[in-house]
There are 2 protein chains.
Amino acid sequence: MPDDAAEAAKRPHISDATLRGLVGYNMKRAFMAVSADLARTLAPFDLRMLTFTALTLVADNPGLSQSQLAQAMTVERPNLVVIVDELETRGLITRDRVPTDRRTYALRITVEGARLLAGAARAVGAHENLMMGGLAKAEEAALISTLNRIEASGKGRS
Amino acid sequence: MPDDAAEAAKRPHISDATLRGLVGYNMKRAFMAVSADLARTLAPFDLRMLTFTALTLVADNPGLSQSQLAQAMTVERPNLVVIVDELETRGLITRDRVPTDRRTYALRITVEGARLLAGAARAVGAHENLMMGGLAKAEEAALISTLNRIEASGKGRS
DNA sequence: TGGCAACTGTTATGAAACATAACTATATTT
DNA sequence: AAATATAGTTATGTTTCATAACAGTTGCCA
C-alpha cells in the first residue's frame, strides 16, 4: 500500500479516538495535565509531588514511622529513605529515636517545615482552583466519588 | 513534645484526609490502581502501556511519522525512538521511507502487529470492564467529560 | 543559485520514580 | 537462647522522561 505514503506527508492531526474510548486513557491525559501544572506550582518551594505529599502526611500524622509513611505513599521503603533524607537535610522534618522501639524513627515536621508547607499548600490550593475551576461543586464531588470507587476496584485485584 | 512518641509506636492507620481534599491526589490514587491492573493485563502480550498506546495509534493512523506519534503521545522524540525500535524489531510495525520527504519514516502496523493488538485490545476491554464495572453508563460518561475539561484546563497553562 | 534556517530521526547523557536483594540493628517469638 | 520478624539502610537495576548535540534533508530567501 504505497498510497498511505501520500497521507503521511501532511496528516493534519492524528486521531486517538480508539484510545479515547478507554476511561484509563482519559484519566492518564487529565492526570498528566494536572501533574505538570502541580510541578510548576511546587517548583518555587523546591518541592516535588512526592516531597509535598510526604511533608503533608508527616504534618498530619506526627510521630509516624518511615514504614508507615512508605505504605501510605505506596512507595517502597528503600525509595522513601532518599525522600526523608532530603526533607531532614533541609531541616523540614526531624528523625527522632523512639525509646520504646529503637529500630524506628518518629518523623515530625519542624517549625520551618510547617512554614514552608503552609505556603506550598496555599499555592496548591490555587493550582487546584485553576485546574478544577470550571467544575461545579457537585461535579467535583461526583468526580472524587467516582475516582474513589475506581481506586477501590483496583485494590481487590493486587 | 515527647508525647508523640507514644502514638508513634502503634499508630493504627495514618490519615491522608488533607490530601483527599485535593482532586489531583484522588486522580493519582485512582490512576495508579488502573495503571497497575493495566500493566498486569498487557504483560501476557509483552506490551507496556506506552507500547500498547503506540501500537493503537499506528494502527489507527497508518503512515504517520515518528514526530507525529511522539506529539500525540506527549513523549519527546528521543524517547519515542526506543519504543518504535522495539515494535519494529518485534515485527509489529514497519518503518517505511517516504519518497516525498526522505527525512521522515512512515509507520505502519504489520499483519502480525494487528493480530497481537486485536488480542491485547480485547484484554484491555475486559480490564476496563472490571475496573469501571461498578459505574453506570451515565456515570462513566460524566467522568470522561469531567476529565476532558480538566485536561483542557491544563493545556492553556503550558 | 547559494547559503542559512528549520525539521526528522538519532545518539548520548542524566534525572526521577520505582523495584529487588541483602545487610545491620533491634524486637519478638518459641 | 535460638530462630524469626521488623525498621531502616545500601547497592543495584529498570523504566519513564528531559535536554543537548549531531547528520541528513528540506525549505526559504536574499
Side-chain angles (χ1 to χ4, degrees), chain A residues 5 8-11 14 28-29 31-33 35-36 38-40 42-43 46-54 63-89 93-107 158, chain B residues 5 8-11 14 28-29 31-33 35-36 38-40 42-43 46-54 63-89 93-107 158:
Chain A
K10 276 187 183 178
R11 186 179 280 277
I14 76 126
K28 172 169 180 174
R29 301 295 299 207
F31 178 67
M32 281 172 58
S35 188
L38 178 63
R40 285 191 293 268
L42 292 175
D46 257 301
L47 291 173
R48 290 156 296 156
M49 200 187 321
L50 281 177
T51 51
F52 173 77
T53 301
L64 86 170
S65 70
Q66 293 186 191
S67 288
Q68 288 172 321
L69 181 56
Q71 185 182 358
M73 295 178 62
T74 321
V75 161
E76 296 300 317
R77 274 83 67 193
N79 300 324
L80 187 73
V81 172
V82 303
I83 296 175
V84 171
D85 277 351
E86 178 188 332
L87 295 177
E88 186 194 26
T89 299
I93 67 172
T94 57
R95 258 197 270 233
D96 299 339
R97 276 293 181 196
V98 176
T100 60
D101 187 342
R102 289 198 322 222
R103 291 173 300 180
T104 79
Y105 285 116
L107 305 178
S158 62
Chain B
K10 275 185 181 176
R11 188 178 278 277
I14 76 126
K28 171 168 181 174
R29 303 294 300 209
F31 177 67
M32 282 172 56
S35 189
L38 178 63
R40 284 191 291 268
L42 291 175
D46 256 300
L47 291 174
R48 291 157 296 156
M49 199 189 320
L50 280 176
T51 51
F52 173 77
T53 301
L64 86 170
S65 70
Q66 294 188 191
S67 288
Q68 288 173 320
L69 181 55
Q71 185 182 359
M73 295 178 62
T74 321
V75 161
E76 296 300 317
R77 274 82 68 194
N79 300 324
L80 187 74
V81 172
V82 301
I83 296 175
V84 171
D85 276 351
E86 177 188 334
L87 294 177
E88 186 193 28
T89 299
I93 66 172
T94 57
R95 258 197 270 231
D96 299 340
R97 277 293 181 195
V98 177
T100 60
D101 186 342
R102 290 195 323 222
R103 291 173 300 183
T104 79
Y105 284 117
L107 305 179
S158 61

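Below, chain A is the first sequence line, B the second, and so on; all start at residue 1. Because the structure is a prediction, the values reported are computed rather than measured.
- Considering only residues two or more places apart in sequence or on other chains, Ser35(B) meets the side-chain hydrogen bond (donor to acceptor under 3.5 Å, both in side chains) condition with none of them.
- One atom, CD1 of Ile93(B), and another, P of dG9(C), lie 12 Å apart when rounded to the nearest Å.
- Evaluation of the side-chain hydrogen bond (donor to acceptor under 3.5 Å, both in side chains) rule for Arg102(A) yields no partner, not counting sequence neighbours.
- A residue-by-residue look at Met32(A) and Ser67(A) shows that Ser67(A) has its nearest nucleotide of DNA chain D further toward the 5' end.
- A search for side-chain hydrogen bond (donor to acceptor under 3.5 Å, both in side chains) contacts involving Arg95(B) returns Gln66(B), Asp85(B), Glu88(B), not counting sequence neighbours.
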- Query: How would nucleotides 25-30 of chain C be written as a contact map, 5' to 3', with B for base contact, S for sugar-phosphate-only contact and - for no contact, using protein heavy atoms under 4.0 Å?
  - Reply: BBS---

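- The listed nucleotides are dA18(D), dA19(C), dG8(D); the one nearest the side chain of Glu76(A) is dA19(C).
- When rounded to the nearest whole Å, the span between CG of Leu80(A) and P of dA19(C) equals 13 Å.
- When the side chain to side chain contact (heavy atoms under 4.5 Å, CB included) test is applied to Ala54(A), the partners found at least two apart in sequence or on another chain are Leu69(A), Met73(A), Ile83(A), Leu87(A).
- Remark: P of dA17(C) and CE of Met73(A) are 9 Å apart, rounded to the nearest angstrom.
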Within the sub-3.5 Å range, which N or O atoms of nucleotides 9-11 of chain D have a protein N or O partner, and how far apart are they?
unit_1, atom_1, unit_2, atom_2, d
dT9(D), OP1, Arg95(A), NH1, 3.0
dT9(D), OP2, Gln66(A), OE1, 3.3
dT9(D), OP2, Gln66(A), NE2, 2.7
dT9(D), OP2, Arg95(A), NH1, 3.1

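- Contacts of Phe31(A) classified as ring-ring contact (aromatic ring centres under 6.0 Å, His included), with partners at least two apart in sequence or in another chain: Phe31(B).
- Atom CG of Asp96(A) and atom C1' of dA7(D) are 16 Å apart (whole Å).
- Rounded to an integer number of Å, the gap from Phe31(A) CZ to dA17(C) P is 11 Å.
- Rounded to an integer number of Å, the gap from Leu69(B) CG to dG9(C) P is 10 Å.
- Remark: Arg77(B) engages no residue in a side-chain hydrogen bond (donor to acceptor under 3.5 Å, both in side chains) (not counting sequence neighbours).
- A straight line from CD1 of Ile83(B) to C1' of dG9(C) spans 14 Å, rounded to a whole angstrom.
- Distance check: Thr51(B) OG1 to Leu42(B) CG gives 7.0 Å after rounding to the nearest 0.5 Å.
- Judged as a side chain to side chain contact (heavy atoms under 4.5 Å, CB included), and not counting sequence neighbours, the contacts of Glu76(B) are Pro78(B), Asn79(B).
- Counting non-hydrogen atoms of neighbouring residues, nucleotides and ligands closer than 6.0 angstrom, the CD atom of Gln71(B) reaches no more than 12 such neighbours.
- Here dA16(C) presents its P atom at 14 Å from CG of Leu42(A), a figure rounded to the nearest Å.
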